[in-house]
Structure formats: C-alpha cells, structure tokens
Amino acid sequence: MHRRYFCPMASKQRKEHFETSSHIPIHAQFDKTTSPIVIEAPAGEYPYLRGVYPEMYRSRFWTMRQYAGFGSAQESNERYRYLLASGTTGLSVAFDLPTQIGYDSDHPMAEGEVGRVGVPIDSLADFDVLFNGIDLAKISTSMTINATASILLALYVAKAKKQGADLAKLSGTIQNDILKEYAARGTYIYAPEPSMRIVTDIFQWCANELPAWNTISISGYHIREAGSTAVEEIAFTLSNGIAYVKAALAAGLQIDQFAPRLSFFFNAHSNFFEEIAKFRAARLIWARVMREEFHAKNPDSWKLRFHSQTAGSTLTAQQIDNNVVRTTIEAMAAVLGGTQSLHTNGKDEALALPTESSARTALRTQQVIAYESGIADTVDPLAGSYYVEYLTNELVTRSRLLMKEVDALGGAVHAIEQGFYQDRIARSAYEFQKKVESKEEIIVGVNQFALKEPISSDTLRIDPKLEREQIERLQAVRASRDAVTTTKAIAHVEEAAKSGINLMPPIIDAVESMVTLGEISDAMRRAFGEYLA
C-alpha cells in the first residue's frame with residue numbers, strides 16, 4: 001500500500017506575484033512562445049552567449065582562486081601556501097584598508113585597521129615575505145586593489161624581477177576599477193579624472209611590458225553587494241567598461257592594443273537561474289558593444305572573460321552552516337554561467353575573516369562541483385531551457401535600456417558624479433530590505449526558521465600585536481634605505497603625475513628604491529589632490 005503525504009502549503013499559492021530580483025515576471029510555465037531562442041552560435045564564436053571558449057571546462061576547469069590575506073605578510077604567505085597545497089589553482093590577495101587608500105601602517109588614519117581585512121603592504125620588504133617560496137612565473141595572482149593599483153602592480157613586478165621571471169609571461173589581474181569605488185565602495189583617493197589617467201597609464205604600460213596581464217577587472221561585484229539588482233549589475237558594470245575603453249582611446253591607445261586584456265568581476269548571487277542568465281546576457285552585450293560600437297577587429301577584444309565570487313551579502317551570522325548551502329548554489333550558478341575563475345566564500349565570513357577550516361571547505365565546494373557533479377562535462381548545459389533563455393533575453397533588453405539612460409547622462413563618469421548609480425542602487429537595496437522585513441522575501445534562519453543560538457566564537461581573530469610588529473618593520477625599512485635615492489624617487493613620481501608622462505616607470509623605480517606605498521600615494525596626492533564626495 002502506497003502512502004500519500006500531504007503538504008499543508010500545497011493547496012494555495014505561496015505568493016501573489018513571482019519575479020526575479022530584477023522584477024522580471026516568472027510565469028508558471030515557459031515554452032517556445034515565451035522564450036524565443038535566436039542565438040544559435042556555439043561557444044567560442046561571436047557573440048559568445050554560450051561561452052568564450054569552444055570547449056570551456058572540457059579542456060580545463062575554471063581557475064579556483066581563493067581570496068585571502070590578513071594579519072601580516074608572514075601569516076598571509078602561510079595561508080597561500082596552504083591553499084596551494086590544498087589544490088587552489090590561483091592566488092587572490094586581499095589588502096587591508098590602509099593599503100587600499102594609500103596610507104602606511106604607522107599613519108594615524110591606519111590605527112586599528114592594520115591587517116584587519118587583508119594583508120598590510122608598506123614596501124617591497126612586505127612583498128618579499130608575502131610571496132616567499134611562491135614562484136610568480138608559475139602562478140596566476142589576482143590583486144583586489146583599486147586606488148593604489150599602480151603601486152601594488154609595481155611591487156609585484158619588482159618582486160617578479162627579483163625572482164628572475166620573464167615579465168612577458170607574468171599572468172594575473174589587478175582590479176584597477178576606480179569607477180565602482182565612487183558608486184558603491186568608497187576606497188578612492190583622487191578625483192575621477194586623475195584616477196582614470198592612472199588606469200590608462202597602466203593599460204599603456206602593460207600593453208608593452210606585461211602583455212599577458214589583465215590590466216583591469218571591471219567589477220559588478222561591489223555594485224551588487226551594495227544592493228543592486230542583476231540588471232543594474234550588468235548595466236552599470238558594462239557602462240563602466242565602456243568608460244574605460246573611451247578613456248584609453250582618448251589617451252591614444254588602439255582598441256585591439258588593450259581590449260583583449262580587459263576582464264570583469266561579477267557577483268554570483270542567490271537567484272539561481274537569473275544568475276546563470278545574467279552571465280550569458282553580459283557576454284552577449286559586451287561582444288556586440290565591442291564589435292559593433294567600437295569596431296574592434298580582434299575576436300579576443302569581443303570576449304567578456306570574468307571572475308566571479310559568491311555573494312558575501314547573502315551570508316548570515318545566524319546558523320552559519322546554512323552559508324555552505326548558499327555558497328554551493330551560487331558557485332553552481334557561476335559555473336553554469338561560464339565563469340573563468342571563481343572564489344567561494346567561507347561559511348563564517350558574516351562574522352570574521354574565514355578560518356583555515358572554512359577556507360578549505362569553500363575550496364572543496366568548488367572541487368566537488370568540478371569533479372563530481374558532471375556540470376563541467378558539457379558546454380552551457382542549460383542552453384535551450386525555455387526559462388533560462390527567457391531570462392537571458394529579458395536581462396539583455398532591460399540592461400541595454402538602463403545603459404542608454406547612463407549614456408544620456410554623458411556616460412558612466414558623469415552618471416556617477418550626478419549620483420545616478422548611487423540612487424538606483426540605494427533604492428533597490430531599500431526595496432529588498434522592505435521585502436525581508438515583511439517576509440515577502442524569506443531569509444532562512446533570519447526572518448523564518450530562526451533559532452535561539454549563541455554566535456559562534458570559533459572565528460579568526462587578528463592579534464593586536466601584529467599591528468605593532470608591522471610598524472616596527474616599516475620603521476626598520478625607512479632607517480636602512482638610502483635617503484638621497486628615496487627622496488629623488490619620490491620627486492620623480494610627483495613630477496610624472498604633474499607632467500602627464502606615464503606613471504608606471506617612476507613608481508617601479510620608487511618601490512625598488514624601498515619608497516613606501518604611503519609615500520608614493522602622498523606624492524600623487526600633492527599632484528592630484530584628494531577627492532571628497
């Protein structure tokens with residue numbers, strides 16, 4: 001005899017209206033009338049809807065790049081070597097706030113922040129420790145850095161030269177996306193115009209000296225973390241990309257000289273099918289923009305290659321084991337959407353930086369998806385799904401309309417200066433929060449299925465003595481270097497900033513002369529001034 005199990009909710013609809021985060025209506029069923037499939041090109045062919053490479057993960061998996069950095073260069077180095085030994089295939093460096101905004105560790109503004117949310121970097125001496133025992137010629141490194149990206153890239157180059165690496169083969173990425181800082185994050189130093197000049201100086205220098213390096217990771221991640229919808233994430237990120245392309249062209253670069261090294265950074269959020277469609281839509285839009293609007297000739301200039309990270313904003317301090325499930329869903333969406341590299345968050349990151357155990361579980365999540373799920377065995381496995389194709393078409397259409405609004409305001413820089421991005425993101429964040437508070441949106445363990453439980457005490461803690469030790473190392477560097485050489489190097493950076501010549505060569509000379517990050521930033525502050533929103 002078979003038993004029937006009755007679900008008390010089955011007799012009524014859960015909601016009155018079903019829609020995605022971008023307010024795209026979700027019908028009960030989809031078919032060919034709602035989801036016309038018009039793009040037949042396979043992966044690896046324009047417009048790359050199905051992926052930028054013909055074989056995708058059949059030839060090689062995405063890069064498993066775990067974001068890490070904390071405490072000191074020594075502790076961070078130990079974490080990197082642990083992750084590499086555990087099977088991660090690329091490094092991703094997190095820097096502390098003073099490093100991100102151009103202050104040395106002994107600056108009054110740095111007090112209490114040294115090593116807290118990333119590794120502190122003051123000079124080349126710190127990079128020597130950070131990458132001790134790691135061959136930069138054999139590993140791809142991503143550095144999440146923006147306002148001081150030129151300095152961190154110079155330090156990386158200087159360290160690679162000390163190791164004897166061939167710079168032409170050096171691979172990795174600097175985020176270098178200053179526009180999203182004004183709109184969503186806040187770690188800017190200079191005004192938009194000189195900041196854009198630094199970005200294009202990096203483009204130009206790398207095109208000649210570091211041809212395999214990704215010179216920018218145009219980031220939608222932080223836009224989404226600030227509360228945007230998927231449509232806003234696509235539209236604002238690609239509009240920023242267009243602004244960088246225009247700035248590089250205005251600086252005299254040729255489109256195919258720099259466009260193949262542009263990369264993107266997207267959020268892998270929790271609405272599973274919308275996220276898969278988001279990545280597909282972004283590829284399609286960018287390919288069309290680069291070929292049809294900027295007339296790029298090199299197919300590599302048309303390809304949107306992207307890193308993704310699971311959504312930190314979806315992690316909860318309550319019932320942190322649930323975050324493993326959230327991260328798994330988001331990571332699967334990124335892989336099904338065709339990511340080139342991926343970071344998975346630790347379950348305890350709503351409370352602190354991840355412990356070694358949490359970081360290992362996050363990496364194992366990627367490895368299980370890669371080796372056990374079968375997802376990577378075929379290219380774009382959800383292509384042809386009526387629902388996914390419907391969402392893809394809707395995201396393309398809605399994102400393009402929003403990009404036209406940005407264009408009408410004079411482009412991304414002017415739209416940001418007028419507060420357009422900020423207002424749209426804030427409104428979306430407010431709407432979502434209202435839905436959470438009314439329980440229209442359920443957050444498991446927070447506004448539904450909550451438990452009375454103590455907050456876990458098993459979290460990573462940064463020893464306060466590490467800040468004192470970092471300051472002592474910095475002061476020792478200053479005491480041991482040649483004062484005449486460093487004074488000249490600082491002056492050359494300031495002169496380059498004022499004169500308009502490319503900043504990268506004098507910055508590299510400065511870091512090799514043991515000039516500190518704060519001193520280089522101050523030289524540019526004197527030339528450019530500081531920006532206050």
When Glu394, Glu274, Glu233 are each screened for side chain to side chain donor-acceptor pair (under 3.5 Å) with Ser22, the one that passes is Glu274
Would a line drawn from the ring center of Tyr421 to the ring center of Tyr182 be shorter than 6.0 Å?
-> no
Does the side chain of Tyr188 come under 3.5 Å of the side chain of Ser195 through a donor N or O and an acceptor N or O?
-> no
Short side-chain donor-acceptor distance under 3.5 Å, Asn267 and Lys278 | no
Does CD in Glu19 sit with more than 12 non-hydrogen atoms of other residues, nucleotides or ligands closer than 6.0 Å?
-> yes
Is the Trp286-Phe306 ring centre distance short of 6.0 angstrom?
-> no
Polar side-chain atom of Arg50 near backbone of Pro42 as donor-acceptor pair, under 3.5 Å | no
Would you tell me whether Gln66 and Thr344 have side-chain atoms, one donor and one acceptor, within less than 3.5 Å of each other?
-> yes
If only atom types and distance count, is the side chain of Arg283 paired as donor or acceptor with the main-chain N or O of Tyr48 below 3.5 Å?
-> yes
Looking only at heavy atoms, what is the nearest atom pair of Ala429 and Ala226, with distance?
-> CB-O, 3.7 Å
Spell out, as yes or no, whether a donor-acceptor pair under 3.5 Å connects the side chain of Arg197 to the backbone of Ala251.
-> no
Say whether, by atom type as modelled, one donor and one acceptor occur between the side chain of Asn176 and the main chain of Ala149 under 3.5 angstrom.
-> no
Arg224 and its side chain to side chain donor-acceptor pair (under 3.5 Å) partner, picked from Glu275, Gln309, Glu232 = Glu275
Closest non-hydrogen atom pair between Leu167 and Ala160, with its separation | CD2-CB, 4.2 Å
Any side-chain heavy-atom pair of Ile375 and Met332 under 4.5 Å = yes
Taking atom types as modelled, is there a side-chain donor on Asp348 or Ser358 under 3.5 Å from an acceptor on the other?
-> yes
Residue pair Ser150 / Met504, side-chain heavy-atom distance below 4.5 Å = yes
Check whether any side-chain N or O of Asn298 sits under 3.5 Å from a backbone N or O of Asp256 as a donor-acceptor pair, and report yes or no.
-> no
Ion pair present between Glu389 and Arg280, side-chain N to carboxylate O less than 4.0 angstrom?
-> yes
Spacing of CG belonging to Asn323 relative to CG belonging to Leu351, to within rounding of 0.5 Å = 8.5 Å
Leu152 side chain near Ile174 side chain, heavy-atom distance below 4.5 Å = no
Can you establish whether the number of heavy atoms outside Phe272 located under 6.0 Å from its atom CZ is more than 12?
-> yes
Report yes if some heavy atom in the side chain of Gln366 is under 4.5 Å from a heavy atom in the side chain of Thr88; otherwise report no.
-> no
So do His222 and Gln175 actually touch side chain to side chain, heavy atoms under 4.5 Å?
-> yes
Between Tyr67 and His343, what is the ring plane arrangement, given parallel below 30°, perpendicular above 60°, and tilted in between?
-> perpendicular
Checking side chain to side chain contact (heavy atoms under 4.5 Å, CB included) for the pair Lys246/Tyr244: CA distance, chi angles, key distance, verdict?
-> CA-CA 5 Å; Lys246 289 181 176 178; Tyr244 290 122; over 6 Å; no
Going by the side-chain contact (heavy atoms from CB on, under 4.5 Å) test, name the single residue among Phe236, Phe264, Phe266, Phe265 that passes it with Ser219.
-> Phe265
Donor + acceptor pair across side chains of Asn345, Thr327 (<3.5 Å) = no
Is any side-chain heavy atom of Val379 closer than 4.5 Å to a side-chain heavy atom of Met56?
-> yes
Ile101 and Thr148, any side-chain heavy atoms less than 4.5 Å apart | no
Do Lys439 side-chain atoms and Asn447 backbone N/O form a donor-acceptor pair below 3.5 Å?
-> yes
Ignoring hydrogens and angles, tell me if any N or O in the side chain of Glu181 forms a donor-acceptor pair with the backbone of Ala147 under 3.5 Å.
-> no
Heavy-atom count around Glu55 CD within 6.0 Å, excluding the residue itself: above 12?
-> yes
Gap between atom CG of Leu284 and atom CD1 of Ile234 - 0.5 Å precision | 10.0 Å
Could you tell me whether a side-chain N or O of Thr339 sits under 3.5 Å from a main-chain N or O of Val335, the two making a donor and an acceptor?
-> no
Taking Glu330 for its side chain and Ala311 for its backbone only, find out whether a donor-acceptor pair lies under 3.5 Å.
-> yes
Can you tell me how far the CD1 atom of Ile223 sits from the OG atom of Ser428, to the nearest 0.5 Å?
-> 11.5 Å
State whether the number of non-hydrogen atoms from other residues, nucleotides or ligands found under 6.0 Å of Arg364 atom CZ is greater than 12.
-> yes
Before accepting this row, confirm whether a basic side-chain N of the pair Lys303/Asp300 lies closer than 4.0 Å to the acidic partner's carboxylate O.
-> yes
Mark yes or no for whether Ser341, through its side chain, and Met64, through its backbone, hold a donor-acceptor pair below 3.5 Å.
-> no
Audit row: Glu431, His23, side chain to side chain contact (heavy atoms under 4.5 Å, CB included) steps and yes/no = CA-CA 11 Å; Glu431 288 175 8; His23 311 298; 3.4 Å; yes
If you measure from OG1 on Thr229 to CG on Leu402, what distance do you get to the nearest 0.5 Å?
-> 7.5 Å
Kindly indicate, with the supporting measurements, whether the criterion side-chain hydrogen bond (donor to acceptor under 3.5 Å, both in side chains) is fulfilled by Ser59 and Tyr53.
-> CA-CA 9 Å; Ser59 56; Tyr53 303 119; over 6 Å; no
Is there a donor-acceptor contact under 3.5 Å linking the side chains of Asp177 and Tyr221?
-> no
Taking all non-hydrogen atoms of both residues into account, name the closest pair between Ser399 and Ala235 and its distance.
-> O-CB, 3.6 Å
Contact check, side chains of Arg326 and Ile443, non-hydrogen atoms, under 4.5 Å | yes
Taking all atoms of both residues into account, what is the closest heavy-atom pair of Ala333 and Ile276, and its distance?
-> O-CG1, 3.6 Å
Value rounded to 0.5 Å, distance of OG1 in Thr310 from CG in Leu315 | 6.5 Å
Crowded around Lys435 NZ? As in, over 12 foreign heavy atoms under 6.0 Å?
-> yes
Pairwise distance CD(Glu441) to NZ(Lys434) - rounded to 0.5 angstrom | 13.0 Å
Would the number of heavy atoms belonging to other residues, nucleotides or ligands and lying under 6.0 Å from CZ of Arg60 be above 12?
-> no
Hey, does the Lys NZ or Arg CZ of Arg291 hover above the aromatic six-ring of Tyr46, less than 6.0 Å from the centre and inside 45° of the axis?
-> yes
Can you check side chain to side chain contact (heavy atoms under 4.5 Å, CB included) on Gln100 and Asn146, steps first, answer last?
-> CA-CA 7 Å; Gln100 292 181 47; Asn146 297 283; 5.8 Å; no
If you draw a 6.0 Å radius around CD in Gln29, do more than 12 non-hydrogen atoms from other residues or ligands fall strictly inside?
-> no
